[in-house]
Amino acid sequence: MTLLIKNGRLIDPANGVDAKLNLLLEDGKIALVTREEPEADEVVDAAGKVVAPGFIDIHMHEDKVLADGHLDKEEDTAIFNCMLRMGVTTVLAGNCGENTYDPADFLDLVDREGAAVNVAMLAGHGFARFAIGHGDRYTHLTEEERVRLNERLQKSLDEGCFGISYGIRYDPGLDERELRETAALCLKGDKLIAAHVRSDHEEVFDAIHEFLGAAAELGVDTEVSHIGSMAGFGQMERFLAIVDEYRMNGLRVACDCYPYYAYCTNIGSATFDEGFKARYGCDYSVIEPCSGRFKGQRLNDESFEALRREDPECLCVCYLMAEEDVDMALADPAGMVGSDGIMNHGEGHPRAAGAFPRVYAQFVRTGKLSLYEAVAKMTAMPAEKLGLASKGRLNVGADADIVIFDPEKIADGAWFDHPVTPPTGIDRVYIGGQLAAQDCRIIRDSLGRALRKESGK
């Protein structure tokens with residue numbers, strides 16, 4: 001079957017294209033790019049709309065596998081469905097050192113069942129640390145544990161993971177030797193290391209040198225995660241200059257950021273350990289739980305301690321980030337859009353359901369970014385970083401993963417009190433040339449496939 005998408009404004013930064021061109025799709029691929037209107041089995045008129053590669057989320061967190069062993073496909077709350085509804089067709093999951101399931105087994109599950117989006121995985125360092133029996137995140141590994149950790153991570157890499165993710169903030173027991181030994185595993189196959197660095201605010205400078213210093217010594221490809229929530233408190237200009245310095249001295253390093261001014265993490269995480277209030281110069285009223293008996297309330301000393309004790313996995317939003325710093329991060333030439341989406345049965349931060357359309361509504365239409373820049377940060381740049389040669393682009397032979405949207409109407413619908421509300425202004429999303437979503441509702445939730453990266457030699 002052939003499909004013609006005509007009359008749209010085709011934006012393809014991977015090929016330097018912003019022009020009125022038509023696309024002919026066949027057998028899941030781009031078969032022809034032309035100014036003509038060849039015959040096709042189906043024709044979609046995209047007049048007045050942007051036709052772009054499907055968006056790629058380089059930083060998100062997958063849902064847990066259900067108790068019956070299947071993927072969560074609940075349309076309104078499953079995170080892969082939230083991704084698809086906002087134009088994302090490919091995700092990199094397993095970030096911040098965390099997997100919800102063995103990452104290679106998760107990819108196998110996607111192979112068997114299909115998913116709402118294409119799924120690539122990182123091997124979570126913290127997940128592997130726990131899996132080998134080291135349950136204390138605050139202590140160092142023994143020599144025997146180091147060997148088993150490296151073996152487990154190597155196995156995940158050999159089975160197709162795109163690299164290793166670290167949540168150094170969440171695993172403070174990780175030391176310099178453990179970081180370098182595990183990161184070195186990614187040299188084989190030129191894989192990626194990504195990290196939620198050890199600390200934020202004024203402590204972010206030592207943290208970024210720790211991570212990038214190790215990466216530079218090894219020469220490994222590197223991604224710095226959600227920098228708005230790490231240096232978005234008045235440190236962004238200096239932070240970006242440090243990253244640029246490493247890049248100019250040969251390190252392949254990029255950063256991602258989400259377009260919100262509040263972050264989200266578990267109340268029991270090390271982020272909220274002793275010293276939190278002093279670090280930020282705040283009290284606990286900046287924290288709002290996303291679920292449980294304190295949902296929607298701002299915390300105080302008593303409710304904070306109760307929640308940490310009773311429900312440490314509770315996701316909480318923290319309203320602290322500086323608008324000018326987040327804007328600076330998203331405008332940075334090497335910065336990409338990453339949602340950092342994480343959900344707990346539909347509860348969490350709205351970034352999981354709104355990050356990508358929000359960029360167009362709050363950054364493009366306000367003049368903070370150009371339309372072309374925004375598309376690049378969601379398509380060509382993450383595709384190049386991940387080595388996805390047939391995604392993030394619309395030339396002949398590329399995968400027919402496509403989003404069609406109205407540049408004047410695309411907008412996020414999710415907010416902190418309604419975190420999974422679908423966006424608006426996205427007409428159609430195709431995965432492999434097949435219609436996956438229309439008007440921000442799911443049509444088919446199983447078109448996505450597992451993506452694996454070979455380890456090589």
Review point. Should the pair Lys277-Asp301 be classified as a salt bridge under the 4.0 Å nitrogen-to-oxygen rule?
Key: yes

**Study point:** Lys155 with Asp102: basic N within carboxylate O range, under 4.0 Å
**Key:** no

Check your understanding: Do Ser285 and Tyr319 have side-chain atoms, one donor and one acceptor, less than 3.5 Å apart?
Key -> no

**Study point:** Any donor-acceptor N or O pair under 3.5 Å, side chains Asn118, Asp401
**Key:** yes

Review point. In terms of side-chain geometry, is the basic nitrogen of Arg198 or Glu203 positioned less than 4.0 Å from the acidic oxygen of its partner?
Key: no

Practice item. Answer yes or no: is there an ion pair linking Arg85 with Asp439, defined by an N-O contact shorter than 4.0 Å? Key: no

**Study point:** Pair His349 + Phe416: ring centers closer than 6.0 Å
**Key:** yes

Practice item. Tell me yes or no: between the side chains of Ser199 and Arg169, is some donor less than 3.5 Å from an acceptor? Key: yes

Point to revise | Test side chain to side chain contact (heavy atoms under 4.5 Å, CB included) applied to Phe55 and Met86, step by step | key: CA-CA 9 Å; Phe55 304 146; Met86 62 175 170; over 6 Å; no

Exercise for review: In plain terms, say whether Glu323 and Lys368 are close enough for a salt bridge, that is, a side-chain N and a carboxylate O under 4.0 Å apart.
Suggested key: yes

Practice item. Report the relative orientation of the aromatic rings in His226 and His196; use parallel for angles under 30°, tilted for 30 to 60°, perpendicular for over 60°. Key: perpendicular

Review point. Is Lys391 salt-bridged to Asp399, going by a charged N under 4.0 Å from an acidic O?
Key: yes

Review point. Can you list the steps and then say if Cys186 with Asp221 is a side chain to side chain contact (heavy atoms under 4.5 Å, CB included)?
Key: CA-CA 8 Å; Cys186 290; Asp221 199 4; over 6 Å; no

Review point. Any idea how Tyr260 and Trp415 line up, ring-wise: parallel (<30°), tilted (30 to 60°), or perpendicular (>60°)?
Key: tilted

Check your understanding: So, are Lys377 and Glu373 salt-bridged, with charged N and O less than 4.0 Å apart?
Key -> no

**Study point:** SB check Arg279 Asp273 (cutoff 4.0 Å)
**Key:** no

Point to revise | Arg298 NZ/CZ over Tyr284 ring centroid, <6.0 Å and within 45° of normal | key: no

Check your understanding: Under a 4.0 Å N-O cut-off, is there an ion pair linking Glu305 with Arg309?
Key -> no

Check your understanding: Will you find, in the side chains of Ser165 and Asn95, an N or O donor that is under 3.5 Å from an N or O acceptor?
Key -> no

Check your understanding: Which class fits the ring pair Tyr280 and His201: parallel under 30°, tilted 30 to 60°, perpendicular over 60°?
Key -> perpendicular

Check your understanding: Should Arg137 and Glu98 count as an ion pair when the cut-off is N to O under 4.0 Å?
Key -> yes

Review point. So, Arg428 versus Tyr430: side-chain donor-acceptor pair below 3.5 Å or not?
Key: yes

Practice item. Decide yes or no on side-chain hydrogen bond (donor to acceptor under 3.5 Å, both in side chains) for Asn300 and Ser303, but give the supporting numbers first. Key: CA-CA 5 Å; Asn300 55 34; Ser303 57; 3.0 Å; yes

Check your understanding: Between Glu178 and Arg129, is there a salt bridge with N-O shorter than 4.0 Å?
Key -> yes

**Study point:** Electrostatic pair Arg351-Asp412, nearest N-O below 4.0 angstrom
**Key:** no

Check your understanding: Do Glu159 and Arg452 meet the salt-bridge criterion of a basic N to acidic O distance under 4.0 Å?
Key -> no

Point to revise | Ring centroid separation Tyr258 to His59 under 6.0 Å | key: no

Check your understanding: Is Asp72 salt-bridged to Lys64, going by a charged N under 4.0 Å from an acidic O?
Key -> no

Exercise for review: Flag the pair Tyr101 / Phe127 as yes when their ring centroid distance falls below 6.0 Å, and as no otherwise.
Suggested key: no

